[in-house]
Amino acid sequence: MNSVADRHPARLRRSVLCVPADNPRALTKVSTLACDAVIYDLEDAVSVDNKAAARRTLADHLARKRRSDIEVIVRINGLKTPFGEKDLAAVLPLSPDAILLPKVESPQDILAVADVLSENDAPDALRLWAMIETPHGVLNAAAIAETGRTRGGRLDCLVPGLNDLRKETGVAALPGRTYLVPWLMQILLAGRSCGLDVIDAVFNNISDTAGFAAECAEGRAMGFDGKMLIHPAQIGPANDHFGVDAAAVTEARAIIDAFALPENRDKGVINLNGLMVERLHLEQALRVAAKAEAIQRKRT
């Protein structure tokens with residue numbers, strides 16, 4: 001899935017599954033799943049006593065042949081913890097697609113890791129993701145996103161962490177995330193202002209399938225690219241909700257075809273079946289078509 005805008009590589013991120021890095025059974029199962037991306041977690045999902053063992057287990061797992069259609073992200077511990085630098089040193093030789101940084105609160109948290117990557121000659125293809133899960137992180141979301149605004153920046157994606165935000169603020173875990181929506185939209189707006197993807201937060205109740213579906217629908221309507229997941233059973237619904245429907249693809253292809261006509265190639269605005277269609281609609285249509293093609297490739 002190629003980027004429509006000339007910035008960061010674009011990828012399918014409808015379903016982003018979190019897997020504890022110290023769980024061999026869960027690691028083995030990843031190759032059989034339909035998720036678009038997997039986050040191998042060295043942070044919250046791994047106890048303090050098992051951090052070193054988790055690094056070894058993950059290294060053994062990633063040394064094996066991987067599926068090219070699943071994006072590989074590793075969530076490390078923060079560099080200010082006793083484990084972050086060791087995590088980073090262990091992860092770099094494993095050639096993940098991205099490193100997810102927890103509890104990012106300022107641009108410096110991104111730049112410090114980017115400096116380490118540069119000092120170790122990490123390839124430009126190694127990207128960074130940022131968890132926004134503290135009050136400072138939300139307040140500084142725009143400045144954090146700016147570190148990925150240019151093509152040379154490694155930051156590709158923001159992920160709100162609502163469990164930590166609830167803990168630090170005391171906001172109740174109400175259906176519909178009533179009092180959290182403004183913060184989610186603030187993070188999403190920050191990401192979009194710099195051309196970044198933004199992934200919706202986890203849904204904690206695995207057995208509440210109706211609640212999960214409702215939150216996926218809400219996240220899609222809010223503009224998120226996909227959802228962070230905690231169980232394989234959530235993959236199918238997330239793929240469905242954050243995919244593209246046939247009507248949207250048909251409309252997108254009609255817009256693309258219309259602007260491709262010789263008489264329209266230099267126009268900024270055209271009339272399509274009685275509707276005013278601008279170049280910005282063409283950009284949206286190209287993204288929809290590219291996503292639909294990527295989904296089709298993944299199915300075949």
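Numbering starts at 1 and runs along the sequence shown. Predicted, not measured: the structure shown is a model, and the values here were computed from it. Computation of the quantities below employed the complete heavy-atom set of this structure, encompassing side-chain atoms and omitting hydrogens, waters and symmetry-equivalent molecules.
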Flag, side chain of Arg253 to backbone of Ala248, donor-acceptor distance under 3.5 Å: no
Closest heavy-atom contact between Lys267 and Arg279? O-NE, 2.8 Å
For Ala26 and Val19, the nearest pair of non-hydrogen atoms, with its separation, is CB-CG1, 3.7 Å
Check this for me, if you would: do Asp87 and Arg55 make a salt bridge, where the nitrogen-to-carboxylate-oxygen distance has to be below 4.0 angstrom? yes
ILVMFWY cluster, Val269 and Leu272 together (side-chain gap under 4.5 Å): no
Taking the side chain as every heavy atom from C-beta outward, state whether Val113 and Asp109 have any pair of such atoms under 4.5 Å apart. no
Kindly compute the distance separating CG (Asp197) from CG (Leu155), expressed to the nearest 0.5 Å. 10.5 Å
What pair of heavy atoms forms the shortest contact from Pro135 to Glu168, and how long is it? CD-OE1, 3.2 Å
Flag side-chain contact, heavy atom, 4.5 Å: Asp44 against Lys103: yes
Measure from the side-chain N and O atoms of Asn50 to the backbone N and O of Ala53, and report whether any donor-acceptor pair falls under 3.5 Å. no
Between Asn77 (side chain) and Phe83 (backbone), is there a donor-acceptor pair under 3.5 Å? no
Rounded at 0.5 Å granularity, tell me how far OG1 in Thr81 sits from NZ in Lys86. 10.0 Å
Check Arg192, Arg14, Arg220, Lys291 against Asp225 for a salt bridge (Lys or Arg N to Asp or Glu O under 4.0 Å) and give me the one that passes. Arg192
Indicate whether any N or O donor in one side chain lies under 3.5 Å from an N or O acceptor in the other, for Asp49 and Ser47. no
Test your reading of the model: is there a side-chain donor-acceptor pair from Arg66 to the backbone of Ala63, 3.5 Å cut-off? no
With a 4.0 Å cut-off, would you call Asp36 and Arg13 a salt bridge? no
Rounded to the nearest 0.5 Å, what's the gap from CG on Leu180 to CG on Leu174? Could you check? 8.0 Å
Looking at Glu71 and Leu12, what are the two nearest heavy atoms and their distance? OE1-O, 4.4 Å
Do Val74 and Leu94 have side chains that approach each other closer than 4.5 Å (heavy atoms only, starting at C-beta)? no
To the nearest 0.5 Å, what is the distance between CD (Glu105) and CD1 (Ile110)? 11.5 Å
Answer yes when Arg177 and Asp200 have at least one side-chain N-carboxylate O distance shorter than 4.0 Å, and no when they do not. yes
Would you confirm whether His241, through its side chain, and Ala238, through its main-chain N or O, come within 3.5 Å as a donor-acceptor pair? no
May I ask you to test the Trp129-Ile99 pair for a side-chain heavy-atom distance under 4.5 Å? no
With Met131, the side chain to side chain contact (heavy atoms under 4.5 Å, CB included) member among Val104, Ile199, Leu100, Leu158: Leu100
Minimal heavy-atom distance between Phe203 and Ile230, with the atoms involved, is O-CD1, 3.4 Å
Is any side-chain heavy atom of Thr209 closer than 4.5 Å to a side-chain heavy atom of Pro237? no
Taking 4.0 angstrom as the limit, do Arg299 and Asp69 come out as a salt bridge? no
